[in-house]
Structure formats: structure tokens, C-alpha cells
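All remarks here apply to the structure that follows.
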Amino acid sequence: MAFDLAALEERLLAPLPDLSGLSPQEQFDLIREKAGSGESIVTPSGLLERLKESRAQGRPLRFKLGIDATAASIHLGHAIPLVNLRRILRMGHRLDLIFGDFTAMVGDPSGRVEERPALDEAQVRANAGVFTGQAARVLDLASPQVTVHYNSSWLGKLSLSDWLKVTRGIGMGSLLQREDFRRRLDAGAALSLAEAEYPLLMGYDSVTLRTDVEVGGIDQFLNFHICRGMMEAAGQRPESFVCFDLLPGTTGERDAQGRLKKMSKTGANHIPVAADPAEHYAKVLSVPDEVMWIWYRELTEIRSGELAELRAAAERGDVHPKDAKRLLARVVTTLFARGERSAARDAEEAFDQKFGARKVLVPDDTRSLRLEAGVKVLDALRAATGESASQVRRLIQQKGIQVLEGEAYVPMEEAALLRPSEDLAGKVVKVGKRQYLRFESKSIN
RNA sequence: GGUGAGGUAGCGAAGCGGUCAAACGCAUCUGACUGUAAAUCAGACGGCUCCGGCCUUCGCAGGUUCAAAUCCUGCCCUCACCA
């Protein structure tokens, strides 16, 4: 029995359905099947009960997602909670989206071996602005269901005596029993008091907002427990929480324990949310097949049953893995292009023109450049690529610069660099595999 | 405040008087290959070049030497331990 890829694509790309009619159990199942898997399975604490109460009382639940503005960009891994929240909002619930401008100045110590560098206010403010734009690609932040907060607006006003009152209820033991802290202390590494207090600040966010359910990555597990403790100490009902898995990186590389390495900014295995559709599309295609299935689960609204079928079909040979991956690439590209389907189409077209079946000598995204009079070929290439003269020479020596002659690209000779740039007039030049340049002769006026 | 360790190219990390524009790993770039911008293999990876070389780099500033990333002096910064 053949698997119907087209139908799956239609469902994943179709206008997102309203889910508010689902029963609490159905809502729970949808959330549960995307929540963390693997060794550290977290039963979303009391989530089902809350969903039932919500229905009975006709009161939407207040979900909370905190993002620290520690860097100017987020990657696809950070977007997993956003994708899930998009669905949760369609179930009729509410979201408090917190930009941790205050907490970013402390730095989340979770899983860190070294002290995190603290950021100053200016950096944090700049980052927060960029973040909003990126989150808005996935979530409609203007929706009445969503409230955006900056946690400095309450943490910044907290007086020392308030803080002492809050922290009195929290034992040092519960803070320090965490493995990541213990490891650092045992290793004689630095652990500042401010870092140790980080989860308390997070917890204070929950107390302030009276959060029902907090969502985040599995790395937040311990922090969430502290949040619960803080709410309890404040006489509130402790929040439920849902942890999602962390997204494996694009390379499919494994760590010493044989686990897939997580996407991280430093690991060069990440895809920025802010990248353009062509890059999203191509990067997804470059992911190993093994990682593809995980991305399907984490980044799309595919149901676990559908995913199992798709995977089985690929293993039987009914579906070519390439086709499955292209489908994923289209869905992911669309997701981060605010649902614009044309973005994925254009990205796919551009990709095929360079690498795929519909390979074309001059792709649509060839850049047109005007030649300046009286300069050499070398200077024209330097200006066009932004590389140094030495680098342009190296590219030539490695056959990295090719000129279209008739129906084929031929490598440029090094000697040609010193010729007048008029030689290039009307020619198409390929630099590396992806950069195409068309040189126009100087305008007549 | 005391003691100790250290600041090397985008990052990590060797080098500790000449053969150092500086090993190695990562990232990056190029070529080959591939369903793939993956993996793998090969090459490149400060700047400039009339391709013989020239110029600027090893925290900062001076000094010793024919010669310094390497030795000396001062300064700045980071980290750890003790207090």
C-alpha cells in the first residue's frame, strides 16, 4: 500500500484548524505525544486534570514560555516550544510569552560547565527586539490570546526585603542538589550566587503571572521544579509543566555517549530562524535521514501514527527518503515564512536550479553587477565577492571561479585576473557552488 | 589582601631564542563524489605581490640580542586556591 505523501503535505500545510472543540483528553494526547521522549520522560504534571478543570469552568489555561535574550538570534531548536504553543493556542488557551531581559543578565546555569558571561542591559534590550521578530514568524504575537512580557518589569522593581521574603521559603539544599551545580562545585569551578538564584527568578515570573502550565526544553526540567516550589511557597497551586526534547543538530553527529548532538549555536550545526527560506530549505535537505524523522516529530504537527506510517513506507521502499525529506523541507520552510507556501516553492525551485534535476546554467538568483570602468578583473571579482585579493587568487587556483562559455563553465585562468574587467562584460561567473554573478557592461550614460 | 596558573590567528589548543605566518582539532572556503549544501576523500585557510619576495600578527608598552611568540622590566586583564 503506497503512502500518500501529497495528502500528508496538504494536511501539514493546510490552514491550521481550530482545536478548541477537542475534549480535554484529546488535547492532552496532542500535547503529550510531542512532549519529551527518551530516558527522562516527564509526565506532564497534573496537566490532564487542569485541562479538564479548564473545560468545566470555561476558563482557558495560562501557558508560560520564557526565553532569555542571551543572544541576538534563535535557532530551529528554540522554536520547538513555539510550534507546540501554536497548536495549544488553537485549543483556546492563553500564552504569557516572557522575554527574560532581567534573567538574561544573570544567565541560566542549566547544564553549563562554566559560568555564563553576564550580559549588560544594552545588549539584552537589543536582543529582545530581534527575538520578538523571530518568534512572530511562528506565533501571532498580536493575538489577544498572547501577552508579551519583559520580566524586568517586575523583577526590576523587587525590593531586597521582598526578595528575602520570597527566598526564605527555599532551601539551599534543593538548589544545590542539582547535578550540574554539584559537578561544578566538585570540579572547583565557579558557581556564583547569582547563577544559583537564577531558577528563583524564573519561579518569581511564574508566581507573578500565576502560571498554569509552563513549557520549555528538557534542559529546563530542574528549573521548572524550582518554579513549582516557589509557587507553593507563595501559597499558590504549583504550575504543571511540559518539557520538549531538544532538537538534534543538522550534522547528525554523536557525542561520546552515542547520543545525537543537540543543535547549538557554537556547534555550527544550527539553522537560524532568521535565515531566508532558501537556506532553510537547503539546510533541511542536508540533514541525515536519521535526524529527519526526529525533525518531523518536533517541528511539524504530524501525528505519531502518521509519522510511524511514513517511516515504515520509507523503510519498505515505497517512499524515497529524498521525497520525504523534501516534504519536510517544504513544511519547515513554510513554517518559518509565516505560512507563506510560495516561500517554500521558490526555495525549492532555487535549489533545483543549482543542484537538482532541473539544473540550469544561470539560476534565477544570479546577481547582476555593473562593471566599473578602468579596473582589472581581479578588482571586479573582489568587489563582487567581498573577498581579499589573496582569497580570490586561491579560489582561482582551486578552480573555484568559472566563467560560462557557451553551454559550459570553464575555470578562469589566474592570468586573466590582470586583464581589464571589460573582458567580463555580459558574462556569467560562478564562484564556488552557490554564487552566480552576471556582469553587465558599463551603462551608456 | 596572600599564593599560584594563564592571556597565541574565528574558536579550542601546541610552541617557550633562529628552520614560526606559527603544529594539531573545530568552524569556514574550494574541488571530486552523492538523492542531499550530509558523509567521505583531496586542497586552502593574515595581507599584498612584478610569484623572487615584501609587509603586519602571538594581552599592552618598553628593553636585551645579529635574531624574540619564545629572555628581562613595567602595566592591563582572566582564573583558581588560601584569607
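Chain letters run A, B, ... following the sequence lines, proteins first and then strands; every chain starts at 1.
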For nucleotides 22-24 of chain B, print each protein N/O atom paired with a nucleotide N/O atom at under 3.5 Å, atom names and distance only.
none

Select one nucleotide: of B:A37, B:C48, B:U36, the one nearest the side-chain heavy atoms of A:Arg434.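 Nearest nucleotide to the side chain: B:A37.
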Residues touching RNA chain B, which here means a heavy atom under 4.0 Å, drawn from residues 399-410 of chain A: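 Of all residues in residues 399-410 of chain A, the ones placing a heavy atom under 4.0 Å from RNA chain B are A:Lys399, A:Gly400.
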Near-strand residues of residues 388-398 of chain A, defined as heavy-atom separation under 4.0 angstrom from RNA chain B: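 Output list: A:Ser388, A:Ala389, A:Ser390, A:Gln391, A:Arg393, A:Arg394, A:Leu395, A:Gln398.
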How far does the [atom1] atom of [N] sit from the matching atom of [M], given to the nearest Å?
N	M	atom1	value
B:C33	B:U56	C1'	40 Å
B:U34	B:A68	C1'	50 Å
B:G46	B:U57	P	16 Å
B:C29	B:C45	P	16 Å
B:C20	B:A67	C1'	13 Å
B:G53	B:U70	P	26 Å
B:A22	B:C76	C1'	25 Å
B:A69	B:C60	P	12 Å

Please report, rounded to the nearest Å, how far the [atom2] atom of [N] is from the [atom1] atom of [X].
X	N	atom1	atom2	result
A:Ile271	B:U36	CD1	C1'	13 Å
A:Trp295	B:U36	CH2	P	18 Å
A:Lys261	B:A27	NZ	C1'	12 Å
A:Glu414	B:C50	CD	C1'	13 Å
A:Leu418	B:C51	CG	C1'	11 Å
A:His270	B:C26	NE2	C1'	15 Å
A:Glu387	B:G46	CD	P	13 Å
A:Met412	B:G31	CE	P	14 Å

Name the one of A:Leu327, A:Leu328, A:Thr333, A:Val332 that satisfies side-chain contact (heavy atoms from CB on, under 4.5 Å) with A:Arg330?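 Output: one option passes, namely A:Leu327.
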Just one of A:Leu299, A:Leu12, A:Val284 clears the side-chain contact (heavy atoms from CB on, under 4.5 Å) bar with A:Val331, so which one?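 By the side-chain contact (heavy atoms from CB on, under 4.5 Å) criterion, A:Val331 pairs with just one of A:Leu299, A:Leu12, A:Val284: A:Leu12.
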Which part of the nucleic acid, if any, lies within contact of A:Asp289, taking any heavy atom under 4.0 Å across all strands shown: a base, the sugar-phosphate backbone alone, or nothing?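 Base contact.
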Could you tell me whether the side chain of A:Leu139 reaches within less than 4.5 Å of the side chain of A:Leu95, counting heavy atoms only?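 A:Leu95 reaches A:Leu139 side chain to side chain.
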Would you mind reporting whether A:Met91 and A:Leu30 have side-chain heavy atoms less than 4.5 Å apart?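 A:Leu30 vs A:Met91: side chains touch.
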List for me each residue that meets side chain to side chain donor-acceptor pair (under 3.5 Å) alongside [X], sequence neighbours excluded, and say none if there are none.
X	value
A:Glu214	A:Lys64, A:Ser206
A:Arg382	none
A:Asp379	none

Stepwise side-chain contact (heavy atoms from CB on, under 4.5 Å) test for A:Leu5 and A:Leu310: CA-CA 8 Å; A:Leu5 273 182; A:Leu310 173 60; 3.8 Å; yes
When the side chains of residues 393-403 of chain A are checked against the rest of the protein, which donor-acceptor pairs come out under 3.5 Å, sequence neighbours left out?
unit_1, atom_1, unit_2, atom_2, d
A:Arg394, NH1, A:Gln391, OE1, 2.7
A:Gln397, NE2, A:Glu414, OE1, 3.3
A:Gln397, NE2, A:Glu414, OE2, 3.3

Which distance, rounded to the nearest 0.5 Å, do you find between the CG of A:Leu155 and the CE of A:Met202?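 A:Leu155 atom CG to A:Met202 atom CE measures 11.5 Å (nearest 0.5 Å).
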Distance check, rounded to the nearest 0.5 Å: A:Arg90 atom CZ versus A:Leu85 atom CG?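 If we round to the nearest 0.5 Å, A:Arg90:CZ and A:Leu85:CG are 11.5 Å apart.
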Among all residues two or more places apart in sequence or in another chain, which pass the ring-ring contact (aromatic ring centres under 6.0 Å, His included) test with A:His225?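 So A:His225 forms a ring-ring contact (aromatic ring centres under 6.0 Å, His included) with A:Phe221, A:Phe241.
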Geometric class of the A:Trp163/A:Tyr204 ring pair [parallel <30°, tilted 30-60°, perpendicular >60°]: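 It falls in the perpendicular class, over 60°.
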Charged N-O contact under 4.0 Å between A:Glu349 and A:Arg345: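 Salt bridge flag = no for A:Arg345 with A:Glu349.
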Does A:Arg11 come within less than 4.0 Å of A:Glu301, counting only side-chain N to carboxylate O?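 Judged by the 4.0 Å cut-off on N to carboxylate O distance, A:Arg11 and A:Glu301 do not form a salt bridge.
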With sequence neighbours excluded, give me every salt bridge (charged side-chain N to carboxylate O under 4.0 Å, His left out) pair touching residues 418-427 of chain A.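 Checked against salt bridge (charged side-chain N to carboxylate O under 4.0 Å, His left out) - neighbours excluded - the pairs reaching residues 418-427 of chain A are A:Glu405-A:Lys427, A:Arg419-A:Asp423.
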Watson-Crick or G-U stems involving RNA chain B, each at least 3 pairs long, distances under 3.5 Å, ordered by first number: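 The stems that RNA chain B takes part in, listed by first number, are B:1-7 with B:76-82, B:10-12 with B:24-26, B:28-32 with B:40-44, B:46-48 with B:53-55, B:59-63 with B:71-75.
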Listed once per pair and sorted, the ring-ring contact (aromatic ring centres under 6.0 Å, His included) pairs that draw on residues 271-319 of chain A, sequence neighbours left out: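 Residue pairs with at least one partner in residues 271-319 of chain A: A:His280-A:Phe336, A:Tyr281-A:Phe351.
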With nearest nucleotide decided by heavy atoms, which residue, A:Lys430 or A:Lys325, maps closer to the 5′ end of RNA chain B?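 Residue closer to the 5' terminus by nearest nucleotide: A:Lys430.
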Please tell me which of A:Gly432 and A:Phe351 maps to the more 5' nucleotide of RNA chain B, matching each residue to the nucleotide holding its nearest heavy atom.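 Result of the comparison: A:Gly432.
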With 3.5 Å as the limit, what N/O pairs link the protein to nucleotides 38-40 of chain B?
unit_1, atom_1, unit_2, atom_2, d
B:A38, O4', A:Ser286, O, 2.7

Going by atom types alone, do A:Asp162 and A:Ser159 pair a side-chain donor with an acceptor below 3.5 Å?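 The answer is yes; a qualifying pair exists.
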